[in-house]
Protein chains: 2
Amino acid sequence: MPTNKIETDVCVIGAGLAGLTAARRLSQGGRAVTVVEARDRVGGRVWTRPGASGLRIDVGATFIGPHHDRLHALTKEMGVSTFATHTAGDTILATGGKVRRYRGDVPRINPLALLSAGQAIYRLNAMAKKVPVDAPWDAPRASEWDAQTAAGWLTRTNVPTRQARVLIETTIRALFCCDLSEVSLLDVLYLIRSAGNLEALMTVEGGYQQDQFVGGAQSIPEAMAAELGDSVVLGTPVHAVTHRADAVEVVSPEITVVARHAIMAIPPALASRVHFDPPLAADRALLLHQLPAGTEIKAVVVYNEPFWRSDGVSGASVAMDDPYEVTLDTTPPPGDVGVMALYAAGPKARTLAALQPDDRRRIVLDIMRRRFGPKASSPIETTEQNWAEEEWTRGCSMAHFGPGVLTQYGRLLREPIGRIHWAGTETAGTSHGAMDGAVRSGERAADEILQGAISAS
Amino acid sequence: MPTNKIETDVCVIGAGLAGLTAARRLSQGGRAVTVVEARDRVGGRVWTRPGASGLRIDVGATFIGPHHDRLHALTKEMGVSTFATHTAGDTILATGGKVRRYRGDVPRINPLALLSAGQAIYRLNAMAKKVPVDAPWDAPRASEWDAQTAAGWLTRTNVPTRQARVLIETTIRALFCCDLSEVSLLDVLYLIRSAGNLEALMTVEGGYQQDQFVGGAQSIPEAMAAELGDSVVLGTPVHAVTHRADAVEVVSPEITVVARHAIMAIPPALASRVHFDPPLAADRALLLHQLPAGTEIKAVVVYNEPFWRSDGVSGASVAMDDPYEVTLDTTPPPGDVGVMALYAAGPKARTLAALQPDDRRRIVLDIMRRRFGPKASSPIETTEQNWAEEEWTRGCSMAHFGPGVLTQYGRLLREPIGRIHWAGTETAGTSHGAMDGAVRSGERAADEILQGAISAS
């Protein structure tokens, strides 16, 4: 079959937030751009899927925090509005079969456990302050922190109270979606540093979950793609990238794009599957092979009203004994329906993944009923998403670094290879792992090309 | 261009020891077999390269131990002979600028350090005994051991003497070719268990380095390939594997093989690059993405005689301060030339890899002169090999497991996916990581198909 050939200035691989941001910036800078995307939609790990009831449901990234200024700027530019995540009312903590309600960010658990958790969070924040946000491998104690797992740090010595350890364990597992044995302590500190402090990652008001997007998060990539028009080519999985001193050739089954530069804006696990010619140097290949992402199942339940609000609870709940540990209210305005998101992370998500969808649905409704009462038994619809099963994502929320990887290979994260540049939230310092990090990485990769061209002229 | 289609019973992907063993066994069992191999040679990580002087030089796997009975049986069947690695004479230990000579396996270092190292080895062996050789994830303390890195275990508490720690660190680094922070303690114990004890992995006489192959290790895969004839197709990198209930289709740019079964006999890092249709389930994809291999540079120096032997030294040397820490005598019989192999592992190998070949050669000759005297300055030739740079291998000696990976994903190592079976030394229990393990894995994968066929008839 004849292969379509496109000639352009820059070929962007991946139409997620990072790739589209880069493409738009390059386009505004006068460059011809082609974005190739494996799926039949844009957005990557951002996906607002129309539910059976017609409601647009965020099954991937959902939230934006007050400090995510690059994403806020983009949101405004694309004409998308945000709304505050609902927080009025009690938070629910369900442990040992008991359902407790509390106000604010501090759960009603054993005061000693709280003290112990508070001290641990203080220590983690203090260590994270020593981590350079754009170069965690240069932290004074980088080698020491990178030689241990998060599980190895979270011992009786560092956090004496068991309940406090479980609390912090649940938090880290929710952030990385993997077991605490799989992630380097340095990576935990890197993530904390990239957010400012651990509280920012964990909290709704003032933190990463403060606001949501009217119409869903995918409204932004959709608006960017509309602006880019025919430059975005869907259904185009890239098999090979051939790079020479003067050009890059990006090969997919039906299209070959010949460009002056390329931007890899796909998750590292997918980049590691691309055939490069000449082959990647050893350290780069080893980096990409050592950046797996975790497993998370997000279940979304839609009700005909956000009934929990009138019961005086916010919708936020945590139950460390349950498979889906965390819930958050993701009801869109004006609140004429009620939407709840449930999250299962790491080993728990992988155990759930082995079940049938109907069994998972039963578990979701059981949990909802136990935490929020009998009204939770009658949803309009439920839906779920496991990003680890997605061939063109392979895990979420972001890649994690096992011990030894950041210090040894991390320097190569965003180092260009000739005319090939690297974007994606994994390459971001500030807001690493978040949508804001993806946007920042796309801006940076585009600037590398724009500024390189200026300095060469 | 028209694609060549081959129809066969079994398609084996990878013509290393594992793949060729499987193919030969299947062929003997009356099955039609096609072996597809990306390179233009067979042998995989076994490669006997003709040097400038015409000598056949093992630049990859070289040695065979007394307990490697499946490899011994194969060696005999293929008409290849072995010879004993030269051990007569003193071993050299060079530390802190001093060159010391000692007899036997026990270096002349601080007796307290030796005691401390001995105790640590005793403990590691004792722990390894609790690890089921074919299911390390079922060890009673698997989770605990898998939650820590080898570096995390090798502390002052477990090994009080610094010199002893350095000795054990050097050993583990030489085995895994990565930093001790990158490998799970459970993986270390798995490797020890698969060899019987740590001493077996480390020693020449009675251990993994006891014998070598006349004509080089590649003589065996070459003989197997000769027997298989046209069934082995070189220069065929596999891009995609499509699997259905009744058949498997193995796709490379110029050939498509349609078979009743397939055997993946390539390193995990390469298997993770193959496009499967339908896509791999999440846990399998995450397993393959979490099995990187290490970096090792093997340098081989050829002299017109094994001059060190007449100086009363065996050729075995260790210098933990040098970039190439270990040397071994790999002189083939009758000993009319002298051949020495030098090894650099993990971070040291990666530092060396960044240098120019001439600089590395200078370092090699410096080390040889310091350890073996002025005659070492005048070789006939030197050659080197870095398997991490090889696109169709990507690291050596074998893949390692970071913390948490074995316990969570290890069960899938050799679990067939429908008609797709898995071989390669990484899937072996006994002799895991060695050539003998590759042979065993090939036999096992072939038997899965042969016995499956019997039970179905």
Side-chain angles (χ1 to χ4, degrees), chain A residues 143-144 146-152 154 178-184 186 237 239-240 268-269 272-283 285-295 346-347 349-350 353-354 386-392 394-395 399 401-405 407-409, chain B residues 143-144 146-152 154 178-184 186 237 239-240 268-269 272-283 285-295 346-347 349-350 353-354 386-392 394-395 399 401-405 407-409:
Chain A
S143 304
E144 183 195 333
D146 206 27
Q148 58 188 308
T149 65
L154 197 62
C178 67
D179 191 72
L180 267 67
S181 62
E182 293 174 76
V183 60
S184 153
L186 183 61
H239 290 182
S272 78
R273 289 176 57 184
V274 172
H275 176 88
F276 288 89
D277 180 21
L280 294 180
D283 284 3
L286 283 167
L287 172 69
L288 295 179
H289 274 303
Q290 292 182 88
L291 283 176
T295 306
R350 293 177 34 243
N386 177 354
W387 289 96
E389 292 291 352
E390 293 278 313
E391 186 180 19
W392 302 120
R394 284 301 184 200
F401 296 82
V405 178
T407 44
Q408 295 190 80
Y409 304 93
Chain B
S143 303
E144 183 194 335
D146 206 26
Q148 56 188 307
T149 65
L154 198 63
C178 66
D179 191 71
L180 266 68
S181 63
E182 293 175 77
V183 60
S184 153
L186 183 61
H239 289 182
S272 79
R273 289 177 56 185
V274 172
H275 176 87
F276 289 89
D277 180 21
L280 294 180
D283 284 4
L286 283 167
L287 172 70
L288 295 179
H289 274 303
Q290 293 183 86
L291 283 176
T295 307
R350 294 176 34 243
N386 177 355
W387 288 97
E389 292 292 353
E390 293 277 313
E391 187 182 16
W392 303 119
R394 284 301 184 200
F401 297 82
V405 178
T407 44
Q408 295 190 81
Y409 304 92

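Numbers restart at 1 for each chain; the letters A, B, ... are given by sequence-line order, proteins then strands. All values reported here derive from a predicted model rather than from experimental measurement.
Note: B:Glu389 leads B:Glu389, B:Glu390, B:Gln148 in heavy-atom pairs under 4.5 Å with chain A. Contacts with chain B were tallied for A:Leu280, A:Leu288, A:Thr295, A:Asp146; A:Leu280 has the most, counting heavy-atom pairs under 4.5 Å. Contact count against chain B (heavy-atom pairs under 4.5 Å) is highest for A:Asp283 among A:Asn386, A:Val183, A:Val405, A:Asp283. No other option in A:Gly402, A:Ala269, A:Ala285, A:Pro347 has as many heavy-atom pairs under 4.5 Å with chain B as A:Ala269.
Side-chain atoms of A:Glu182 and B:Gln408, non-hydrogen and from C-beta on, do get closer than 4.5 Å to each other. Two residues are said to be in side-chain contact when any heavy atoms from C-beta on lie closer than 4.5 Å; A:Arg350 and B:Tyr409 meet this criterion. In this structure, A:Thr149 and B:Pro403 have side chains that are in contact, with non-hydrogen atoms separated by less than 4.5 Å. Annotation: side chain of A:Pro279 is in contact with side chain of B:Arg394 (closest heavy-atom distance under 4.5 Å). Between B:His275 and A:Glu391, some side-chain heavy-atom pair lies under the 4.5 Å cut-off.
Across all their heavy atoms, A:Ala147 and B:Ser181 have their closest contact at CA-CB, 3.6 Å.
Separation of atoms SG (A:Cys178) and CD (B:Gln290) is listed at 8.0 Å; rounding is to 0.5 Å. Interatomic distance, B:Ser272 OG to A:His289 NE2, rounded to the nearest 0.5 Å: 4.5 Å.
Residue B:Val274 touches chain A through its backbone alone, counting heavy-atom pairs closer than 4.5 Å. Residue contact with chain B, scored on non-hydrogen atoms closer than 4.5 Å, is absent for A:His239. Heavy atoms of B:Ala150 lying under 4.5 Å from chain A are absent altogether.
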